[in-house]
Amino acid sequence: MSSRLDFIRSLPYFAGLSDETAGRIEEQIRELSFAKGETLLLEGEPCRGLYVVKTGRVRIFKSSLEGREQVLLIAGPKSTFNDVPVFDGGPNPASGSALEPTTVYVIPREAMLSLVADCPAAMNIIRLFAARLRHLTMLVEDLSFRSVVSRLAKALLDLAVATESQAPVPRLTQDEMAAMIGTVRDVISRALKALEKEGAIKIEGRRILVVDPDKLRKMV
(Lines give C-alpha, C1' and ligand atoms only; values in the text may rest on other atoms or scores of the structure.)
Protein backbone atom coordinates (compact mmCIF):
# COMPACT_ATOMS: atom_id res chain seq x y z
CA MET A 1 0.00 0.00 0.00
CA SER A 2 1.41 3.41 -0.98
CA SER A 3 2.30 6.01 1.63
CA ARG A 4 -0.23 8.38 0.04
CA LEU A 5 -2.97 5.81 0.35
CA ASP A 6 -1.99 5.22 3.99
CA PHE A 7 -2.23 8.95 4.58
CA ILE A 8 -5.66 9.24 2.97
CA ARG A 9 -7.06 6.28 4.85
CA SER A 10 -5.91 7.80 8.13
CA LEU A 11 -8.39 10.67 7.64
CA PRO A 12 -11.89 10.50 9.19
CA TYR A 13 -13.54 10.93 5.77
CA PHE A 14 -11.99 7.72 4.49
CA ALA A 15 -11.72 5.51 7.56
CA GLY A 16 -13.14 2.06 6.92
CA LEU A 17 -13.10 2.24 3.12
CA SER A 18 -12.41 -0.97 1.26
CA ASP A 19 -9.06 -1.29 -0.50
CA GLU A 20 -10.82 -1.04 -3.86
CA THR A 21 -12.73 2.16 -3.00
CA ALA A 22 -9.73 3.79 -1.34
CA GLY A 23 -7.64 2.93 -4.40
CA ARG A 24 -10.15 4.62 -6.73
CA ILE A 25 -10.05 7.77 -4.60
CA GLU A 26 -6.24 7.78 -4.58
CA GLU A 27 -6.11 7.59 -8.37
CA GLN A 28 -8.01 10.88 -8.66
CA ILE A 29 -6.00 12.88 -6.12
CA ARG A 30 -3.91 15.83 -7.25
CA GLU A 31 -0.90 16.89 -5.21
CA LEU A 32 -0.12 20.63 -5.26
CA SER A 33 2.64 22.64 -3.59
CA PHE A 34 2.54 26.32 -2.63
CA ALA A 35 5.11 28.84 -1.44
CA LYS A 36 4.59 30.92 1.70
CA GLY A 37 1.92 33.56 1.05
CA GLU A 38 0.67 31.90 -2.14
CA THR A 39 -3.09 31.61 -2.67
CA LEU A 40 -4.59 28.12 -2.79
CA LEU A 41 -8.21 29.07 -3.44
CA LEU A 42 -10.37 32.18 -3.69
CA GLU A 43 -13.75 32.90 -2.17
CA GLY A 44 -16.51 32.86 -4.77
CA GLU A 45 -14.66 30.72 -7.31
CA PRO A 46 -15.92 27.27 -8.39
CA CYS A 47 -15.01 24.42 -6.08
CA ARG A 48 -12.11 22.24 -7.24
CA GLY A 49 -12.63 19.68 -4.49
CA LEU A 50 -11.77 18.79 -0.92
CA TYR A 51 -8.34 20.00 0.27
CA VAL A 52 -6.20 17.98 2.66
CA VAL A 53 -3.00 19.45 4.11
CA LYS A 54 -0.10 17.05 3.68
CA THR A 55 2.60 19.37 5.03
CA GLY A 56 2.63 23.02 6.07
CA ARG A 57 -0.19 25.29 7.25
CA VAL A 58 -3.04 27.07 5.45
CA ARG A 59 -4.95 30.14 6.59
CA ILE A 60 -8.66 30.03 5.66
CA PHE A 61 -10.25 33.48 5.74
CA LYS A 62 -13.02 35.76 4.50
CA SER A 63 -12.40 39.29 3.19
CA SER A 64 -14.54 42.42 3.17
CA LEU A 65 -14.74 44.87 0.27
CA GLU A 66 -12.55 47.21 2.33
CA GLY A 67 -9.81 44.59 2.62
CA ARG A 68 -10.45 43.52 6.21
CA GLU A 69 -10.01 39.84 6.94
CA GLN A 70 -11.55 37.34 9.34
CA VAL A 71 -9.60 34.12 9.84
CA LEU A 72 -11.90 31.08 10.08
CA LEU A 73 -9.33 28.30 10.39
CA ILE A 74 -5.64 27.52 10.49
CA ALA A 75 -5.34 24.12 8.82
CA GLY A 76 -2.30 21.99 9.63
CA PRO A 77 -1.23 18.50 8.51
CA LYS A 78 -4.15 16.10 8.01
CA SER A 79 -6.68 18.95 8.26
CA THR A 80 -9.33 19.20 5.56
CA PHE A 81 -10.98 22.35 4.27
CA ASN A 82 -13.41 23.55 1.58
CA ASP A 83 -15.79 20.75 2.56
CA VAL A 84 -18.95 22.85 2.19
CA PRO A 85 -18.94 23.46 -1.59
CA VAL A 86 -17.99 19.85 -2.22
CA PHE A 87 -21.37 18.79 -0.88
CA ASP A 88 -23.69 21.75 -1.51
CA GLY A 89 -22.44 22.51 -5.02
CA GLY A 90 -21.86 26.21 -4.38
CA PRO A 91 -18.71 28.31 -4.79
CA ASN A 92 -15.83 28.43 -2.35
CA PRO A 93 -17.14 30.12 0.83
CA ALA A 94 -13.70 31.44 1.83
CA SER A 95 -10.17 31.97 0.58
CA GLY A 96 -7.00 30.14 1.58
CA SER A 97 -3.31 31.05 1.55
CA ALA A 98 -0.18 29.23 2.65
CA LEU A 99 1.38 30.40 5.93
CA GLU A 100 4.56 28.48 5.06
CA PRO A 101 5.71 26.18 2.25
CA THR A 102 2.73 23.83 1.96
CA THR A 103 1.72 20.71 0.07
CA VAL A 104 -1.93 19.70 -0.22
CA TYR A 105 -3.93 16.90 -1.75
CA VAL A 106 -6.98 17.97 -3.75
CA ILE A 107 -9.68 15.31 -3.99
CA PRO A 108 -12.14 16.16 -6.79
CA ARG A 109 -15.74 16.83 -5.83
CA GLU A 110 -16.92 13.96 -8.04
CA ALA A 111 -14.69 11.51 -6.17
CA MET A 112 -16.11 12.63 -2.83
CA LEU A 113 -19.72 12.42 -4.04
CA SER A 114 -19.10 8.92 -5.38
CA LEU A 115 -18.71 7.73 -1.79
CA VAL A 116 -22.42 8.34 -1.12
CA ALA A 117 -23.76 8.01 -4.67
CA ASP A 118 -25.53 4.76 -3.81
CA CYS A 119 -27.32 6.27 -0.81
CA PRO A 120 -29.57 9.21 -1.79
CA ALA A 121 -30.76 9.65 1.81
CA ALA A 122 -27.18 10.12 3.03
CA MET A 123 -26.50 12.59 0.21
CA ASN A 124 -29.59 14.63 1.14
CA ILE A 125 -28.52 14.75 4.79
CA ILE A 126 -24.98 15.81 3.87
CA ARG A 127 -26.30 18.55 1.55
CA LEU A 128 -28.51 19.85 4.35
CA PHE A 129 -25.63 20.02 6.81
CA ALA A 130 -23.39 21.65 4.20
CA ALA A 131 -26.03 24.31 3.53
CA ARG A 132 -26.35 25.04 7.25
CA LEU A 133 -22.58 25.29 7.60
CA ARG A 134 -22.44 27.73 4.69
CA HIS A 135 -25.12 29.81 6.44
CA LEU A 136 -23.01 29.88 9.62
CA THR A 137 -19.97 30.94 7.60
CA MET A 138 -21.99 33.82 6.15
CA LEU A 139 -23.11 34.75 9.66
CA VAL A 140 -19.46 35.03 10.71
CA GLU A 141 -18.94 37.37 7.77
CA ASP A 142 -21.92 39.51 8.79
CA LEU A 143 -20.76 39.78 12.40
CA SER A 144 -17.18 40.56 11.38
CA PHE A 145 -17.66 43.06 8.58
CA ARG A 146 -21.11 44.64 8.77
CA SER A 147 -22.43 47.30 11.12
CA VAL A 148 -25.58 46.67 13.17
CA VAL A 149 -27.63 48.81 10.77
CA SER A 150 -26.26 46.86 7.80
CA ARG A 151 -26.94 43.50 9.48
CA LEU A 152 -30.46 44.58 10.42
CA ALA A 153 -31.16 45.78 6.88
CA LYS A 154 -30.06 42.40 5.54
CA ALA A 155 -32.19 40.53 8.09
CA LEU A 156 -35.29 42.61 7.25
CA LEU A 157 -34.81 41.92 3.54
CA ASP A 158 -34.48 38.20 4.23
CA LEU A 159 -37.56 38.16 6.46
CA ALA A 160 -39.86 40.46 4.53
CA VAL A 161 -42.92 38.92 2.87
CA ALA A 162 -43.62 40.75 -0.38
CA THR A 163 -47.10 42.16 -1.09
CA GLU A 164 -48.38 44.50 -3.78
CA SER A 165 -46.79 47.65 -2.43
CA GLN A 166 -45.16 46.91 0.91
CA ALA A 167 -43.45 43.96 2.54
CA PRO A 168 -44.44 43.16 6.12
CA VAL A 169 -41.88 41.53 8.38
CA PRO A 170 -43.04 38.55 10.50
CA ARG A 171 -43.73 39.76 14.03
CA LEU A 172 -40.57 39.51 16.12
CA THR A 173 -39.65 41.17 19.38
CA GLN A 174 -36.67 43.48 19.42
CA ASP A 175 -34.92 40.97 21.67
CA GLU A 176 -35.46 38.27 19.02
CA MET A 177 -34.12 40.52 16.28
CA ALA A 178 -31.13 41.41 18.45
CA ALA A 179 -30.37 37.72 18.97
CA MET A 180 -30.58 37.09 15.22
CA ILE A 181 -27.90 39.62 14.33
CA GLY A 182 -25.69 39.44 17.40
CA THR A 183 -26.46 42.62 19.31
CA VAL A 184 -28.74 43.91 22.12
CA ARG A 185 -32.27 45.34 22.26
CA ASP A 186 -31.31 48.99 22.79
CA VAL A 187 -29.04 48.95 19.74
CA ILE A 188 -31.78 47.33 17.64
CA SER A 189 -34.20 50.06 18.70
CA ARG A 190 -31.80 52.79 17.53
CA ALA A 191 -31.08 50.93 14.29
CA LEU A 192 -34.79 50.59 13.50
CA LYS A 193 -35.28 54.31 14.05
CA ALA A 194 -32.34 55.02 11.75
CA LEU A 195 -33.82 52.83 9.00
CA GLU A 196 -37.21 54.51 9.42
CA LYS A 197 -35.61 57.94 9.24
CA GLU A 198 -33.97 56.94 5.94
CA GLY A 199 -37.38 55.96 4.58
CA ALA A 200 -36.47 52.29 4.15
CA ILE A 201 -39.02 50.95 6.63
CA LYS A 202 -42.18 52.11 8.40
CA ILE A 203 -42.95 51.18 12.00
CA GLU A 204 -46.63 50.88 12.88
CA GLY A 205 -46.91 49.93 16.53
CA ARG A 206 -45.32 46.49 16.71
CA ARG A 207 -45.47 46.05 12.94
CA ILE A 208 -42.54 46.72 10.61
CA LEU A 209 -43.10 47.36 6.91
CA VAL A 210 -40.33 47.38 4.32
CA VAL A 211 -41.35 50.30 2.12
CA ASP A 212 -38.15 50.78 0.11
CA PRO A 213 -36.19 47.54 -0.40
CA ASP A 214 -33.64 49.30 -2.61
CA LYS A 215 -32.61 51.56 0.26
CA LEU A 216 -32.14 48.50 2.48
CA ARG A 217 -30.04 46.80 -0.19
CA LYS A 218 -27.75 49.83 -0.40
CA MET A 219 -27.27 49.69 3.38
CA VAL A 220 -26.34 46.00 3.18
Side-chain angles (χ1 to χ4, degrees), residues 41-45 57-76 79-85 87-97 99 125-220:
L41 72 163
L42 287 172
E43 179 179 351
E45 288 193 344
R57 290 186 304 147
V58 178
R59 180 175 63 102
I60 308 301
F61 63 94
K62 293 187 73 70
S63 301
S64 71
L65 294 176
E66 295 78 23
R68 294 170 55 203
E69 294 183 355
Q70 174 64 54
V71 175
L72 304 177
L73 173 71
I74 300 296
S79 295
T80 60
F81 58 92
N82 217 41
D83 317 53
V84 166
F87 295 110
D88 78 357
N92 300 333
S95 300
S97 63
L99 287 172
I125 292 169
I126 291 171
R127 284 198 182 108
L128 175 62
F129 277 105
R132 288 179 177 175
L133 186 54
R134 183 181 290 276
H135 172 74
L136 291 175
T137 302
M138 293 172 64
L139 182 59
V140 169
E141 180 180 15
D142 287 346
L143 292 173
S144 299
F145 300 138
R146 291 193 171 101
S147 67
V148 171
V149 170
S150 177
R151 299 203 302 270
L152 180 58
K154 182 175 182 292
L156 292 175
L157 283 171
D158 291 341
L159 290 169
V161 180
T163 59
E164 291 184 3
S165 59
Q166 297 178 328
V169 175
R171 185 166 294 176
L172 295 171
T173 68
Q174 291 189 10
D175 285 328
E176 289 169 333
M177 284 189 283
M180 284 181 61
I181 66 172
T183 186
V184 295
R185 185 182 187 281
D186 289 346
V187 177
I188 282 290
S189 179
R190 291 195 294 272
L192 286 170
K193 290 176 181 177
L195 292 176
E196 185 175 36
K197 185 177 180 181
E198 290 293 327
I201 66 172
K202 184 178 180 182
I203 301 174
E204 297 180 345
R206 295 185 178 181
R207 191 179 187 216
I208 299 172
L209 296 174
V210 174
V211 295
D212 195 332
D214 288 338
K215 285 187 177 180
L216 286 182
R217 293 188 187 97
K218 290 178 181 178
M219 294 177 184
V220 173

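- Using a 4.5 Å cut-off on side-chain heavy atoms (C-beta onward), Ile181 and Ile188 make contact.
- Taken to the nearest 0.5 Å, the OG1 atom of Thr173 stands 8.0 Å off from the CZ atom of Arg185.
- A search for side chain to side chain contact (heavy atoms under 4.5 Å, CB included) contacts involving Lys215 returns Ala200, Asp212, not counting sequence neighbours.
- A distance of 8.0 Å separates CD1 in Ile74 from CD1 in Ile60, rounded to the nearest 0.5 Å.
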*Determine, step by step, whether Leu156 and Leu195 satisfy the side chain to side chain contact (heavy atoms under 4.5 Å, CB included) criterion, reporting the C-alpha distance in whole Å, the side-chain angles of both residues, the deciding distance to 0.1 Å, and the verdict.*
CA-CA 10 Å; Leu156 292 175; Leu195 292 176; 3.7 Å; yes

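- Phe81 pairs in a side chain to side chain contact (heavy atoms under 4.5 Å, CB included) with only one of the listed residues (Val58, Leu72, Asn92), which is Val58.
- Counting heavy atoms from C-beta on, the side chains of Ser189 and Met177 never come closer than 4.5 Å.
- Listed here is the closest heavy atom pair of Leu192 and Ile203: CB-CD1, 4.0 Å.
- Across all non-hydrogen atoms, the minimal contact from Asn82 to Pro93 is OD1-CD, 3.6 Å.
- Nearest heavy atoms, Ala130 versus Val84: O-CG1, 3.6 Å.
- Remark: side-chain polar atoms of Thr137 are paired, donor with acceptor, to backbone N or O of Leu133 under 3.5 angstrom.
- Pro91 approaches Arg134 most closely through the heavy-atom pair O-NH2, 2.8 Å.
- By the salt bridge (Lys or Arg N to Asp or Glu O under 4.0 Å) test, Arg127 pairs with no residue at all, sequence neighbours left out.
- A salt bridge links Asp158 with Lys154; the closest basic N to acidic carboxylate O contact falls under 4.0 Å.
- Closest approach of Val149 and Ala191 over heavy atoms only: CG2-CB, 4.0 Å.
- The two atoms that bring Ala178 and Val184 nearest to each other are CB-C, 3.6 Å, heavy atoms only.
- To the nearest 0.5 Å, atoms CD (Glu196) and CD (Glu204) are separated by 9.5 Å.
- The backbone N or O of Glu43 lies less than 3.5 Å from a partner atom in the side chain of Ser95, making a donor-acceptor pair.
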